Every structure is written in C-alpha cells, then in structure tokens.
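The figures here come from the full heavy-atom set of this structure, side chains too, leaving out hydrogens, waters and symmetry mates. Since the model is a prediction, treat every value here as computed from it, not as a measurement.
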Amino acid sequence: MPKQQQPRPEPLDPPMVPFALAGMAAWAVAGLVLLLFFRGWLSANDHENWLWTCLAGFLWGFPGLATMMRHDANRRRRRAAR
C-alpha cells in the first residue's frame with residue numbers, strides 16, 4: 001500500500017531588493033572604515049587595492065540592484081496572476 005505523500009511546501013521567494021541594498025551598504029561601510037581608520041596601515045603594507053575592491057563592490061551593486069528590482073517586479077506580477 002503506497003504511503004500518502006505530504007504536499008511540498010511553497011519555495012521561499014522573498015523580496016530581493018533589501019539584500020542588494022544591504023550588500024551595497026556593507027561594501028560602503030567597509031570602504032569608509034578602511035579609508036578613515038586604516039589608511040596609513042594600508043599604505044604602509046601596500047594594500048591600497050582593498051579600497052578599490054570596496055569601491056568595485058559598491059559600484060557592482062548598482063547592476064545587481066537593477067536586476068533585483070526587475071526580479072521583484074516579476075515576482076509581484078506572478079503573485080498577482082494567481
């Protein structure tokens with residue numbers, strides 16, 4: 001006799017824009033902390049590229065944010081069609 005399967009739960013589909021904004025904020029804060037408190041240490045140890053890495057992470061957040069905004073718009077459209 002086959003067992004009765006429980007229904008599968010709906011997959012999580014949270015709004016993604018807050019994640020993109022949090023990532024951008026994290027890169028911005030990391031860059032500002034390095035710039036304000038560790039500038040001398042970065043120069044002395046030849047790690048100025050860490051600031052460029054923070055800037056790149058922040059700037060790459062903009063295309064990510066645009067993508068997540070489009071994802072959330074499609075998500076709202078899918079849910080409205082149900």
Side-chain angles (χ1 to χ4, degrees):
M1 175 174 258
K3 290 186 178 180
Q4 201 174 35
Q5 288 186 340
Q6 292 186 2
R8 288 186 174 182
E10 288 287 322
L12 294 178
D13 192 16
M16 299 304 288
V17 170
F19 291 105
L21 291 174
M24 290 175 67
W27 281 113
V29 167
L32 287 174
V33 167
L34 288 173
L35 186 63
L36 296 176
F37 299 111
F38 295 100
R39 178 73 181 203
W41 182 85
L42 292 173
S43 298
N45 293 299
D46 199 30
H47 289 306
E48 291 96 357
N49 59 339
W50 290 9
L51 291 172
W52 291 109
T53 301
C54 291
L55 179 64
F58 177 76
L59 292 177
W60 273 107
F62 285 106
L65 179 62
T67 303
M68 293 303 108
M69 290 171 71
R70 191 173 25 193
H71 173 272
D72 285 353
N74 289 337
R75 176 179 161 269
R76 283 190 297 274
R77 209 172 299 125
R78 279 192 317 266
R79 289 189 175 192
R82 286 185 190 177

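- Looking at every heavy atom in both residues, Phe58 comes nearest to Met24 through CD1-O, 3.4 Å.
- The nearest pair of heavy atoms linking Leu51 to Leu35 is CD2-N, 3.8 Å.
- Across every non-hydrogen atom of Glu48 and Ser43, the tightest pair is OE2-CA, 3.0 Å.
- Heavy atoms only, all atoms of each residue included: Trp50 and Trp41 are closest at CZ3-CZ3, 3.6 Å.
- Phe62 and Val17 fall within the same hydrophobic cluster, defined by Ile, Leu, Val, Met, Phe, Trp and Tyr side-chain heavy atoms under 4.5 Å apart, directly or through other members.
- Atoms CG and NE2, on Leu34 and His47 in that order, are 11.0 Å from each other to the nearest 0.5 Å.
- Nearest heavy atom pair, residue Asp13 against residue Arg75, reads O-NE, 2.5 Å.
- One N or O on the side chain of Asp72 and one on the backbone of Met16 form a donor-acceptor pair closer than 3.5 Å.
- None of Leu59, Leu32, Thr53 except one satisfies the side chain to side chain contact (heavy atoms under 4.5 Å, CB included) rule with Trp27; the exception is Thr53.
- Across all their heavy atoms, Pro14 and Phe19 have their closest contact at CG-CE1, 4.3 Å.
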